[in-house]
Amino acid sequence: GEALFTQALYLSDVYNSIPFRPPIAFLGVFIGAYMYLSRHFVRYLRGLADGLASIAGGNLSYRVPQLRDDELGLIARNINRMAERLEAQIEKERKSEASKMELITGVSHDLRTPLTSIIGYVELLAAKSYRDEAEYERFVGNAYTKAIQLKKLIDDLFEYTRLTGGSATLRIDRVDLRELLRQLTIEF
């Protein structure tokens, strides 16, 4: 027991020899109180960081809880808004990709039909499988008509890709409506 008493006296002497005891005690109390009072703030910041990590990892359906009405609440609201916009953008891109695949399938079918006819007529012409000059002219005319149809489909496809690619520019011109109607009337 005497050794313990001697050690306590020694520690008391060491403590009393420290010059600025009150500031050190105040600093210790301040740091402790600050950590205790800011724990909710820090926990909320960690929640925001975890939410951002989840969204950055690809979980765009995750929403950060908005528990405050201060700047941190505004940050949570903006994080959620960003996730919603990203989710909507990805869904839009998925629909666009599905639409492109549908378009490619349809165009492939539409291009194949006249091309098959052209190949058939050219094979008939190459094999001289026509009866007379009139049938020869009909085969050539049909092949030409199908080739023009194929060219129009390909031109339409190029026009579509140009318009959807964003490289098209809108040019506004004045049009004489009477002349346009006159030309349409003549064509019909």
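To the nearest 0.5 Å, the span separating CG on Leu111 from CD on Gln149 amounts to 9.5 Å. Note that CG of Leu103 and OH of Tyr160 are 5.0 Å apart. Values are rounded to the nearest 0.5 Å. Going from atom OG of Ser54 over to atom CD1 of Ile79 covers 11.5 Å, rounded to the nearest 0.5 Å. To the nearest 0.5 angstrom, Asp155 atom CG is 9.5 Å from Ile148 atom CD1. Taking CG from Leu45 and CG from Leu72, the interatomic distance works out to 5.5 Å, rounded to the nearest 0.5 Å. With rounding to the nearest 0.5 angstrom, the CZ atom of Arg112 is 13.5 Å from the CG atom of Leu153.
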Test log, rule side chain to side chain contact (heavy atoms under 4.5 Å, CB included), inputs Asp132 and Arg138: CA-CA 10 Å; Asp132 55 16; Arg138 188 171 58 90; over 6 Å; no

Could you go through Arg46 and Asp50, starting from their C-alpha distance and side-chain angles, then the distance that decides it, and tell me whether this counts as salt bridge (Lys or Arg N to Asp or Glu O under 4.0 Å)? CA-CA 6 Å; Arg46 284 188 186 138; Asp50 291 345; over 6 Å; no

Evaluate side chain to side chain contact (heavy atoms under 4.5 Å, CB included) for Arg39 paired with Met35, printing each intermediate quantity in order. CA-CA 6 Å; Arg39 72 184 189 284; Met35 291 178 68; over 6 Å; no

Between Asn59 and Ser61, does a side chain to side chain donor-acceptor pair (under 3.5 Å) hold up when you go through it step by step? CA-CA 5 Å; Asn59 183 6; Ser61 62; 2.9 Å; yes

Audit row: Asn78, Met82, side chain to side chain contact (heavy atoms under 4.5 Å, CB included) steps and yes/no: CA-CA 6 Å; Asn78 287 336; Met82 176 193 65; over 6 Å; no

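Linking Ile, Leu, Val, Met, Phe, Trp and Tyr whenever their side-chain heavy atoms come within less than 4.5 Å puts Leu184 and Leu177 in one cluster. Leu181 and Val175 fall within a single hydrophobic cluster, where Ile, Leu, Val, Met, Phe, Trp and Tyr side chains are chained together by heavy-atom contacts under 4.5 Å. Put simply, Tyr62 and Ile75 are part of the same group of oily side chains (I, L, V, M, F, W, Y) that touch within less than 4.5 Å, one to the next. Cluster annotation: Leu67 is connected to Phe41 through the hydrophobic network of ILVMFWY side chains, with a link wherever side-chain heavy atoms come within less than 4.5 Å. In the hydrophobic clustering of ILVMFWY residues, with side-chain heavy atoms under 4.5 Å counting as a link, Val122 and Leu115 come out together.
Paired with Tyr121 under the rule side-chain hydrogen bond (donor to acceptor under 3.5 Å, both in side chains), one option of Thr145, Thr116, Asn142 passes, and it is Asn142.
Closest heavy-atom contact between Arg131 and Glu135: N-OE1, 2.6 Å. A pairwise comparison of heavy atoms in Pro65 and Tyr44 identifies O-OH, 3.0 Å as the closest pair. The heavy-atom pair separating Ala76 from Val64 by the smallest distance is CB-CG1, 4.0 Å.
Around atom CG of Asp69, no more than 12 heavy atoms belonging to other residues, nucleotides or ligands sit under 6.0 Å away. The number of heavy-atom neighbours closer than 6.0 Å to OH of Tyr130, taken from other residues, nucleotides and ligands shown, is above 12. Dense packing is recorded around CD of Glu93, with more than 12 heavy atoms of other residues, nucleotides or ligands lying under 6.0 Å away.
Proximity of a side-chain donor or acceptor of Asn80 to a complementary backbone N or O of Arg63 within less than 3.5 Å is not detected. In this structure, Ser99 contributes its side chain and Lys95 its backbone to no donor-acceptor pair below 3.5 Å. The closest donor-acceptor contact from the side chain of Ser96 to the backbone of Lys92 lies at 3.5 Å or more, if one exists at all. In terms of modelled atom types and a separation under 3.5 Å, the side chain of Ser129 and the main chain of Leu125 share no donor-acceptor contact.
Between Arg182 and Glu179 a salt bridge is recorded (basic side-chain N to carboxylate O distance below 4.0 Å).
Judged as a salt bridge (charged side-chain N to carboxylate O under 4.0 Å, His left out), and not counting sequence neighbours, the contacts of Asp70 are Arg68.
Considering only heavy atoms from C-beta on, His109 comes within 4.5 Å of Thr113 through its side chain. The side-chain heavy atoms of Lys146 and Leu150, taken from C-beta on, include no pair separated by under 4.5 Å.
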